[in-house]
Engineer: 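Provided herewith is a single structure, encoded as structure tokens, for subsequent inquiry.
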Amino acid sequence: MIDIKKELNDKQSEAAAIADGPQLIIAGAGSGKTRMITYKMAHMIECLGIDAKNILALTFTNKAAAEMKDRIRHLIGDKAKPLTVSTFHAFGLQLIRRYHDILGYSARFSIYDPDDTQTAMKEAAEELHIPCETVNWFEIRELFSSVKTGRTAPLSDSHPYKEWYDFYNRRLKAFNAVDFDDLLAVPLKLLTENEEVLSACRHRYRYILVDEFQDTSTIQYRIVRILAEEHRNLCVVGDDDQSIYSWRGADYQNIVSFEKDFPERKEIKLEQNYRSTKNILDAANHVIAHNHNRKDKKLWTGGESGRHIELFYPADETAEAAFIASTIHSLRFDHHLKYRDFAILVRTNTLCTPLEEELLSNNIPYSVSGGTSFFQRKEIKDIIAYMKVVVNPDDEINLLRIINTPRRGLGVKSVEKVRQFAGSHHCSLYTAMCKIAVSQDRETVFPKVVGDAIEDFVRIIESYREKFDDPKTKVSAALSSLLEELFYYAFIMNEYKNNEKLIKFKFGNVTKFLEMIRRWESDPEREITTLSGFLNRITLITDSNTDSDKEDKVNLMTIHASKGLEFNVVFLAGIEEEIIPHKRSLEENPENIEEERRLFYVAITRARRHIIMTSCAKRKRSHVWISAQPSPFLKEIPEELIVYHDPQKKAEEFDPMALLANLKKTLSTS
DNA sequence: GCCCCCGCCACGCGT
DNA sequence: TGGCGGGGGC
């Protein structure tokens with residue numbers, strides 16, 4: 001039986017014991033929040049007899065959802081299975097799938113990632129003859145997204161992009177596709193407009209928990225509110241100091257809204273930190289104290305003061321990477337640490353490259369999370385596009401992606417003709433291709449080679465639909481055979497013939513993808529059983545190695561991706577002006593300094609025992625060396641908490657001979 | 001239609 | 001660093 005009094009401290013168990021009614025739990029960094037939540041759910045199921053399927057836990061990242069599921073399974077085993085633990089987007093996906101009939105989507109709808117989304121916007125603009133050479137795509141995406149998620153008022157009829165926006169959405173619907181914002185907007189609309197669905201959902205999800213509440217966007221809060229309004233069993237857990245996603249629409253004013261919408265709420269603060277040493281916590285507290293406009297709280301720990309924070313000044317990013325790699329080696333040796341005890345955190349993905357190279361050449365196993373996703377690689381996207389078209393032939397964006405990849409003589413001119421054909425027959429592009437393929441007199445419109453290419457393409461898609469649908473054929477087997485039929489490997493070899501390394505890399509990616517599919521289809525516990533479901537799932541996932549977390553590897557990631565995680569030793573690389581706080585962030589709005597500071601705070605509070613920061617003297621940016629200054633945030637940490645390592649001395653410290661001598665001395669004394 | 005080369009741009013965080 | 005769109009030769 002779960003005994004929360006025994007397993008948790010007073011505040012935690014107080015928070016964990018309540019199931020009914022609204023609750024606001026302000027949980028500081030490292031205060032055992034995830035532990036509290038998992039025990040809370042276990043307690044609800046085991047001790048209060050609440051049916052697990054009535055509990056909905058919403059998290060911010062896939063990683064957090066996976067970890068929460070894992071931990072609760074540890075506590076109560078299979079009884080955790082009926083729980084819904086997912087990200088907001090995955091939850092939205094689930095609702096769209098469940099109610100696709102009502103919503104007017106076929107069961108095999110596609111999800112468009114931001115790349116596909118932009119392509120679809122471009123296509124829409126072209127069809128409307130909107131000149132888009134000069135448009136700022138960043139702005140358009142932002143505009144469309146904020147309209148859809150209700151951050152901006154609906155476009156007025158006179159708005160220059162109103163027609164474009166509406167047309168884009170009509171096209172998506174015709175493609176039987178949704179974009180990321182639809183995953184939230186469509187379910188919210190459904191819940192708002194369809195009382196039956198709403199009451200079914202309210203009945204099903206009678207207890208709702210929201211983790212990382214400070215990072216929910218307005219539309220996400222609306223979804224939660226409409227679900228919880230009646231039964232009011234809503235527990236939100238958050239920390240305003242760790243709000244780092246405002247650029248994505250996160251609005252920690254949601255905490256204020258929650259207080260207003262649920263005035264009878266109970267409020268509990270978790271302020272005891274179990275993660276970090278006193279020095280690390282002191283540093284974090286001093287930094288965050290520079291922010292105004294925060295809920296008053298002060299993290300404390302009963303633990304030891306621990307080591308000082310160390311600060312090094314490498315000459316450039318190569319020296320920085322070399323220093324980090326060699327320090328990992330020596331610390332691992334000296335303190336009997338595992339690779340997985342280390343994390344290297346950076347502000348931006350681009351900072352990863354030199355670090356990766358150095359780790360690779362030092363044979364240090366590492367895993368990168370976030371960044372340019374595995375699934376964004378061209379070769380993987382192409383393969384996925386084939387499967388998406390097989391599953392959903394109305395998916396025009398993916399159809400256009402593969403119609404001439406590998407090249408089969410269907411260039412821009414031919415595609416344009418097919419489109420005209422589709423237009424005059426009022427059918428989708430793929431239906432048009434099917435019609436052309438079986439048409440007797442197609443040569444009056446299309447040259448023979450083009451007609452034959454279309455016929456061949458349609459034949460491939462149709463025959464693989466059968467194969468992929470056939471329960472006796474494994475998806476991986478069908479895919480391997482498809483790749484052979486397409487001469488896909490030869491295509492890659494030809495495409496990159498002057499770069500053998502790149503070919504190898506791309507082949508490796510394809511192999512990895514096939515393995516991933518094999519792992520999925522042979523997993524007896526898998527929750528997703530259809531290919532369509534699998535494809536939609538991976539569109540929402542950023543990193544491929546979700547189950548390699550337990551492997552012994554150094555963790556390399558952005559600070560954003562590190563939220564919710566903890567490590568014994570944390571390297572903070574590139575702690576420089578213009579990187580953190582980031583130049584562009586401040587250019588956008590000087591007030592963003594507070595969010596940048598929270599980011600730095602999150603970075604510091606990831607560490608249990610040891611923080612090593614580096615600030616380079618110069619750094620290469622787009623081919624030119626620029627000199628770099630230490631981050632102004634460093635001044636916000638009391639000097640006595642830091643050991644400043646002089647750049648001159650550093651050379652001696654990492655002299656290999658001196659290191660060896662030191663090593664010998666250590667060995668002889670022990 | 002396809003291939004190849006050139007020059008331009010951007011390089012903040014992610015579901 | 002690499003991804004792209006445009007232009008010219010085949």
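Naming: A, B, ... by sequence-line order, numbering from 1 per chain. Predicted model, so just to flag it, every value in this text is computed and none were measured.
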Engineer: Remember a base hit wins even if backbone is also touched, and classify A/E588 as base, sugar-phosphate or nothing at under 4.0 Å, heavy atoms.
Structural biologist: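 Result for A/E588 = base.
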Engineer: Just one of A/R408, A/R459, A/R442 clears the salt bridge (Lys or Arg N to Asp or Glu O under 4.0 Å) bar with A/D452, so which one?
Structural biologist: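 Exactly one candidate clears the test, A/R442.
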Engineer: Identify, with sequence neighbours excluded, every residue that meets ring-ring contact (aromatic ring centres under 6.0 Å, His included) alongside A/Y168.
Structural biologist: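 Only A/F144 meet the ring-ring contact (aromatic ring centres under 6.0 Å, His included) criterion with A/Y168.
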Engineer: How many Å lie between CZ on A/R347 and P on B/dC11, as a whole number?
Structural biologist: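 Going from A/R347 (CZ) to B/dC11 (P), I get 13 Å.
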Engineer: Given B/dT15, B/dG14, B/dC2, which nucleotide is nearest the side-chain atoms of A/N404?
Structural biologist: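 Of the candidates, B/dC2 comes closest.
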Engineer: Would you call A/E527 and A/K69 a salt bridge, taking side-chain N to carboxylate O under 4.0 Å as the test?
Structural biologist: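 Yes.
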Engineer: Heavy-atom distance under 4.5 Å between the side chains of A/D395 and A/Y112, does that happen here?
Structural biologist: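 Heavy-atom side-chain distance check passes, below 4.5 Å.
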Engineer: For A/L345 and B/dC13, give me the distance from atom CG to atom P, rounded to whole Å.
Structural biologist: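 Taking CG of A/L345 and P of B/dC13, I get 14 Å after rounding.
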Engineer: If you pin A/E596 and A/V450 to their nearest nucleotides in DNA chain B, which one's is more 5'?
Structural biologist: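 Going by which nucleotide is closer to the 5' end, it is A/V450.
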Engineer: Rounding to an integer number of Å, can you tell me how far A/Y221 OH sits from B/dT15 P?
Structural biologist: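 To the nearest whole Å, that distance equals 24 Å.
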Engineer: Report the nucleotide, chosen from B/dG1, B/dG12, B/dC13, that has the shortest atom-to-atom distance to any side-chain atom of A/S414.
Structural biologist: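 So the side chain of A/S414 is nearest to B/dG1.
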Engineer: Please determine if a side-chain N or O atom of A/N349 lies less than 4.0 Å away from the OP1 or OP2 oxygen of B/dC13.
Structural biologist: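 For B/dC13, OP1/OP2 do have a side-chain N/O of A/N349 under 4.0 Å.
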Engineer: Show the nearest heavy-atom pair for residues A/K563 and A/R606, with the distance to one decimal.
Structural biologist: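 In terms of heavy atoms, the two residues are closest at C-NH1, 4.2 Å.
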Engineer: What is the separation between atom CE on A/M557 and atom P on B/dG12, rounded to the nearest whole Å?
Structural biologist: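 Roughly 20 Å, once rounded to whole Å.
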Engineer: For the side chain of A/P114, counting heavy atoms from C-beta on, which of B/dG14, B/dG12, B/dT15 is nearest?
Structural biologist: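 The answer is B/dT15, which lies nearest to the side chain.
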Engineer: Check whether any side-chain nitrogen or oxygen of A/T348 sits under 4.0 Å from OP1 or OP2 of B/dC11, and answer yes or no.
Structural biologist: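 It does not, given that no N or O in the side chain of A/T348 lies less than 4.0 Å from OP1 or OP2 of B/dC11.
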Engineer: Using only heavy-atom distances, determine whether the side chains of A/T539 and A/K388 contain a donor-acceptor pair under 3.5 Å.
Structural biologist: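 The criterion, which ignores hydrogens and geometry beyond distance, is satisfied for A/K388 and A/T539.
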Engineer: Please pick, from B/dT15, B/dG12, B/dC13, the nucleotide with the shortest atom-to-atom distance to any side-chain atom of A/H560.
Structural biologist: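 Per side-chain heavy atoms of A/H560, the pick is B/dC13.
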Engineer: Quick one: A/F88 CZ to B/dG14 P, roughly how many Å, whole number?
Structural biologist: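 To the nearest whole Å, that distance equals 19 Å.
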Engineer: What is the distance, to the nearest angstrom, from the CD atom on A/Q376 to the C1' atom on C/dC4?
Structural biologist: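 Going from A/Q376 (CD) to C/dC4 (C1'), I get 16 Å.
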Engineer: Measure from CD on A/E576 to P on B/dC11 and round the result to the nearest Å.
Structural biologist: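 That distance rounds to 19 Å.
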Engineer: Pull out every protein N or O sitting under 3.5 Å from an N or O of nucleotides 8-10 of chain C, one pair per line with the distance.
Structural biologist:
none

Engineer: Measure from the side chain of A/R584, starting at C-beta and using heavy atoms only, and say which of B/dG1, B/dG14, B/dA10 lies closest.
Structural biologist: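 The answer is B/dA10, which lies nearest to the side chain.
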Engineer: Can you check the A/K122 NZ to C/dG3 P distance for me, whole Å?
Structural biologist: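 Result: 15 Å.
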Engineer: B/dT15 base stacked by A/F60? Criteria: ring centres under 5.5 Å, plane angle under 30°.
Structural biologist: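 No, aromatic ring not over the base.
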Engineer: Which of these, A/Y489, A/F513, A/Y488, sits in a ring-ring contact (aromatic ring centres under 6.0 Å, His included) with A/F507?
Structural biologist: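 The ring-ring contact (aromatic ring centres under 6.0 Å, His included) with A/F507 is passed solely by A/Y489 among A/Y489, A/F513, A/Y488.
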Engineer: Has A/E591 got more than 12 heavy atoms of other residues, nucleotides or ligands less than 6.0 Å from its CD?
Structural biologist: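 For A/E591, atom CD is not crowded (no more than 12 foreign heavy atoms under 6.0 Å).
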Engineer: Below 4.0 angstrom from OP1 or OP2 of B/dC2, is there any side-chain N or O of A/R407?
Structural biologist: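 Answer is no, no contact under 4.0 Å.
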Engineer: With sugar-phosphate meaning primed atoms plus P, OP1 and OP2, does A/L184 contact a base, only sugar-phosphate, or nothing at under 4.0 Å between heavy atoms?
Structural biologist: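 The answer is nothing, as A/L184 stays clear of every strand by at least 4.0 Å.
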